**Student:** 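Quick one: structure below, then a few questions.
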Amino acid sequence: MLVLNNKCNFTKNEFIDYQKELQEIAATADVILCPTAINISNFNLTNISLGAQDVSKFSKGAHTGEISASQLASYNVKYCIVGHSERRTSFHETENDINLKIKNLLENNIIPIVCLGETLLEKQENLTSEKLTNAAKKLKNNLTKEEVNKLIIAYEPLWAIGSGLIPNITELEQNLSILKQNFPHNKILYGGSIDTNNIKIFQESTLLDGYLLGGLSLNPTSLKKILKILKNN
Ligand code: PGA
């Protein structure tokens, strides 16, 4: 599984051109494209699933600027990233907000892709295991078992996002195994500075079900390369 997080990129025409390139590359893999919200209504690919990058914690009503889960569902959105570190940090999203978002998504049959990960400081202070365990606990406390089993979990160390830095395989497997213990029935993805050179390292993992690509999602040539590498393994 490949999740493409376009973040805040592509004007209308750029997105239309980008999709033309994706048309030819997507057929061989399970790919989910998460465009910027304004581009969702221009999504026209049939060989890729549609995702969103965020959703409102409110279900409808007087919340200027928000987009609800039912509105996303009405545009055939099937997946939605929740709790991305950029939203937690820049938009002060709390665990409570994230839980409300997950509930709203599930009520509208949209699969949440929940992002979890440690900061650089937490990593340096050996707090990663605690951070991931607590995050998992909070999620499980607020959702039913059935709801938990519907989540896709994305391990995204904050220090790896957009930085060019990645965990080594030992670190990666240790941290993924914490998530796997907590979410034995869920797909687990990794995101953070994946590129065409380092993808091989992630392929060594026995615990990963896929990848979340940010920067690389913007470049169809690199995407083609990644898909080719994944197909050959
Ligand atoms: P990156 O972003 O691939 O650009 O590091 C990943 C993400 O933020 O999900």
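Both counts, for ligands and for their atoms, begin at 1 and track the order of listing. The shown structure was predicted, so the numbers you read here are calculated from the model rather than taken from an experiment. Residue numbers start at 1 and run along the sequence shown.
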**Student:** Is the shortest side-chain N to carboxylate O distance from E171 to K123 below 4.0 Å?
**Tutor:**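 The answer is yes: the pair qualifies as a salt bridge.
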**Student:** Within this structure, what is the CG-OG1 distance for the pair N182 and T133, rounded to the nearest 0.5 Å?
**Tutor:** 6.0 Å
**Student:** Starting from atom 2 (O) of ligand 1, find the nearest protein heavy-atom neighbour and note its residue, name and distance.
**Tutor:**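 I find the closest protein heavy atom is K7 NZ, 3.3 Å.
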**Student:** With the 4.5 Å side-chain cut-off for hydrophobic clustering, are L230 and F202 part of the same group?
**Tutor:**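 They do share one cluster, since a chain of ILVMFWY contacts under 4.5 Å joins L230 to F202.
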**Student:** More than 12 heavy atoms of other residues, nucleotides or ligands under 6.0 Å from NZ of K225: is that the case?
**Tutor:**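 Not buried by this count: 12 neighbours or fewer within 6.0 Å.
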**Student:** Starting from atom 4 (O) of ligand 1, which protein heavy atom do you reach first, and at what distance in Å?
**Tutor:**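 So the nearest neighbour among protein heavy atoms is G215 N, 2.8 Å.
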**Student:** Between Y190 and Y211, is the ring centre distance below 6.0 Å?
**Tutor:** no
**Student:** Would you find more than 12 non-hydrogen atoms of other residues, nucleotides or ligands less than 6.0 Å from K187 atom NZ?
**Tutor:** no
**Student:** What's the shortest distance from atom 9 (O) of ligand 1 to any protein heavy atom, and which residue and atom give it?
**Tutor:** E156 OE2, 2.7 Å
**Student:** So between A154, S163, S193, whose heavy atom ends up nearest atom 1 (P) of ligand 1?
**Tutor:**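 Among A154, S163, S193, the closest heavy atom to atom 1 (P) of ligand 1 comes from S193.
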**Student:** Return yes when L216 approaches ligand 1 closer than 4.0 angstrom through a heavy atom, no otherwise.
**Tutor:**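 The answer is no: ligand 1 sits nowhere under 4.0 Å from a heavy atom of L216.
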**Student:** Show me which atoms of ligand 1 lie under 4.0 Å from any heavy atom of I161.
**Tutor:** 2 (O), 5 (O), 8 (O)
**Student:** Of all the non-hydrogen atoms in the protein, which one sits nearest to atom 6 (C) of ligand 1, and at what distance?
**Tutor:**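 Of every protein heavy atom, G214 N, 3.7 Å lies nearest to atom 6 (C) of ligand 1.
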**Student:** For ligand 1, which atoms have a heavy atom of L212 less than 4.0 angstrom away?
**Tutor:** 9 (O)
**Student:** Purely on distance, is any nitrogen or oxygen of G191 under 3.5 Å from one on ligand 1?
**Tutor:**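 Checking ligand 1 against G191, no N or O pair falls under 3.5 Å apart.
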**Student:** At less than 4.0 angstrom from any non-hydrogen atom of H84, what atoms of ligand 1 do you find?
**Tutor:** 7 (C), 8 (O), 9 (O)
**Student:** With the 4.5 Å side-chain cut-off for hydrophobic clustering, are F15 and I48 part of the same group?
**Tutor:** yes
